[in-house]
2 protein chains.
Amino acid sequence: MDEILLLLLSKRAHKEPLHATTRALAAELGISQQSFSRKAIGLVSCGYIKREGGAYLLTKKAIEEAKSLQKALSDSLFGGARLDFGGRVVRGLGQGKKFLSIPKYKKGVEKELGFSPFPGTLNVNIPPEEIELRLRLKSKNPIIIKGFVQKGKTYGPILAYPALIGECIRGAVIFPDRSVHGLSVMELIAPMDIKKKLRIRDGDSISFSVECEGC
Amino acid sequence: MDEILLLLLSKRAHKEPLHATTRALAAELGISQQSFSRKAIGLVSCGYIKREGGAYLLTKKAIEEAKSLQKALSDSLFGGARLDFGGRVVRGLGQGKKFLSIPKYKKGVEKELGFSPFPGTLNVNIPPEEIELRLRLKSKNPIIIKGFVQKGKTYGPILAYPALIGECIRGAVIFPDRSVHGLSVMELIAPMDIKKKLRIRDGDSISFSVECEGC
DNA sequence: ATTACTAATTCACGAGTAA
DNA sequence: TTTACTCGTGAATTAGTAA
């Protein structure tokens, strides 16, 4: 990916024609006006940019290339492997227990996640620097446990991501989002009582990770 | 960002030492073994990579640079301007009306979004190709209208994003996520009855956009 | 085999300048 | 003013080869 293309991209030349002189753009890249001119001509002949009356516009080809670079970078940096979270167990409010006791949700978890959930969620308080990670996780395609209406009451859908908890338990991170928790608390479910299995209590440290295949 | 660094990144040299010969890596980049050798030496002296016994490892410096490039690309390609949605108005379930009638939520909207919401949400069915856009929106920093507990009942937090609806109404997209809607339905709120203001009915087309400043 | 040096060559850069 | 050409210089590349 050429320096010039990145500069034009940052100046939104993929959205609207960018009016600028070769001199000014060259200066921004720290190269001579002559070099910029020559390179720009090359980019035009390669079909990366269009020039119309002193205005620059990126072609579809350039934009596609930028997108694939962006995706490649994201995959290398964040995706592919796994997102690792660490935090401390915090006291739940009994909400998790309540919803996992509702047969329809339980069936949904069994169907979508492949295990029968222990009736209770583990709430983990993650440090502020992992909130970015959390948001990134939520931008991935979730497994959706459908919501429903029962006796006039609405039960919202639950977004879930299979997770490895404490390096050994196969469970899931869930985002019921009827939770009162802010962005710093994440909820985990598993086939068994996580606290018992890992022999931990409120306040203890815990780590978990979410696998992101190709997303 | 150097070609070599991108190649090493794609080979996960930021996670674990990569064993490879200069010849092989050079071939992948379409350059000579000699050029690769020379450039690698340069990258080491610049502090971008480490070489230990024939293995390559990216330094923190290189990883940081890759991250900032990734962010810059994402911002240029997806962020910066605005996310444009288009879809058809669908019948609501009266859920929106209900929750916007709850004083605490109403106060929350007034405080966080700066307008007094009309008691009712506009539900818009977006086409499948915009679901990716929706997920991207949700990965941005939202305005959070706090949840609360009242009379033993839990009212979850609401994530909101200020939006321009039908090119003229300043409202917001909300994600109560206690909604029964799937990922294809988005909910809008505004200071007034959107349907009346825009003179639209269920089934009509509508467009709205969300501004994303620096996020 | 491998990496990296030296030498030959190519090619990219920017000064000068025409249009 | 602007853009883009020519051309001399030097940097980057590859071939050959030593270690």
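Lettering of chains follows the sequences in order, A, B, ..., and the numbering in each one begins at 1. This structure is a prediction, so every number in the text was calculated from the model and none was measured. The basis for the numbers below is simple: all heavy atoms, side chains too, and nothing from hydrogens, waters or symmetry mates.
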Give a yes or no on whether the backbone of A/Ser37 and the side-chain of A/Thr22 come within a donor-acceptor separation of less than 3.5 Å. no
Does a side-chain N or O of B/Ser37 approach OP1 or OP2 of C/dT3 to a distance below 4.0 Å, or not? no
Salt bridge or not between A/Asp193 and A/Lys197? Use side-chain N to carboxylate O under 4.0 Å. no
Where the side chain of A/Arg51 is defined as all heavy atoms beyond and including C-beta, which of C/dG14, C/dA4, D/dT3 is the nearest nucleotide? D/dT3
Is it true that A/Glu28 and A/Lys11 make a salt bridge, defined as a side-chain N closer than 4.0 Å to a carboxylate O? yes
Using a heavy-atom cut-off of 4.0 Å across all strands, would you classify B/Ser35 as base, sugar-phosphate, or nothing? base
When rounded to whole Å, the CZ to P distance for the pair B/Phe36 and D/dA15 reads 17 Å
For a quick test of reading the model: is some side-chain N or O of A/Lys39 closer than 4.0 Å to OP1 or OP2 of C/dA12? no
Nucleotide forming a Watson-Crick or wobble pair with C/dA1, both distances under 3.5 Å: none
Crowding at CD, A/Glu110 (>12 non-hydrogen neighbours, <6.0 Å): yes
To the nearest Å, how far apart are B/Ile31 CD1 and C/dA4 C1'? 14 Å
Nearest whole Å is fine: how far is D/dT2 P from A/Ile41 CD1? 17 Å
Verify the neighbour count for atom CZ of B/Arg51: are there more than 12 heavy atoms of other residues, nucleotides or ligands below 6.0 Å? yes
Please report, rounded to the nearest Å, how far the P atom of D/dT13 is from the CD atom of B/Glu3. 11 Å
With a 3.5 Å cut-off and heavy atoms only, can you find an N or O donor on one side and an acceptor on the other between the side chain of A/Gln33 and the base of C/dG14? no
To the nearest Å, how far apart are A/Leu29 CG and C/dC13 C1'? 14 Å
Distances for protein N/O vs nucleotides 7-9 of chain C N/O pairs under 3.5 angstrom?
none

Given C/dT3, is OP1 or OP2 found less than 4.0 Å from the side-chain N or O atoms of B/Thr22? yes
Whole-Å distance between C/dT2 C1' and B/His19 NE2? 15 Å
Take the angle between the ring planes of B/Tyr105 and B/Phe99 and call it parallel below 30°, perpendicular above 60°, tilted in between. perpendicular
Check: B/Glu64/B/Ser68 side-chain N/O donor and acceptor closer than 3.5 Å: no
Taking 4.0 Å as the cut-off, does a side-chain nitrogen or oxygen of A/Arg38 come that near to OP1 or OP2 on C/dC13? yes
Between D/dA12 (P) and B/Leu43 (CG): distance, integer Å: 13 Å
From D/dA4, C/dA12, D/dT14, pick the nucleotide closest to the side chain of A/Gln34? D/dA4
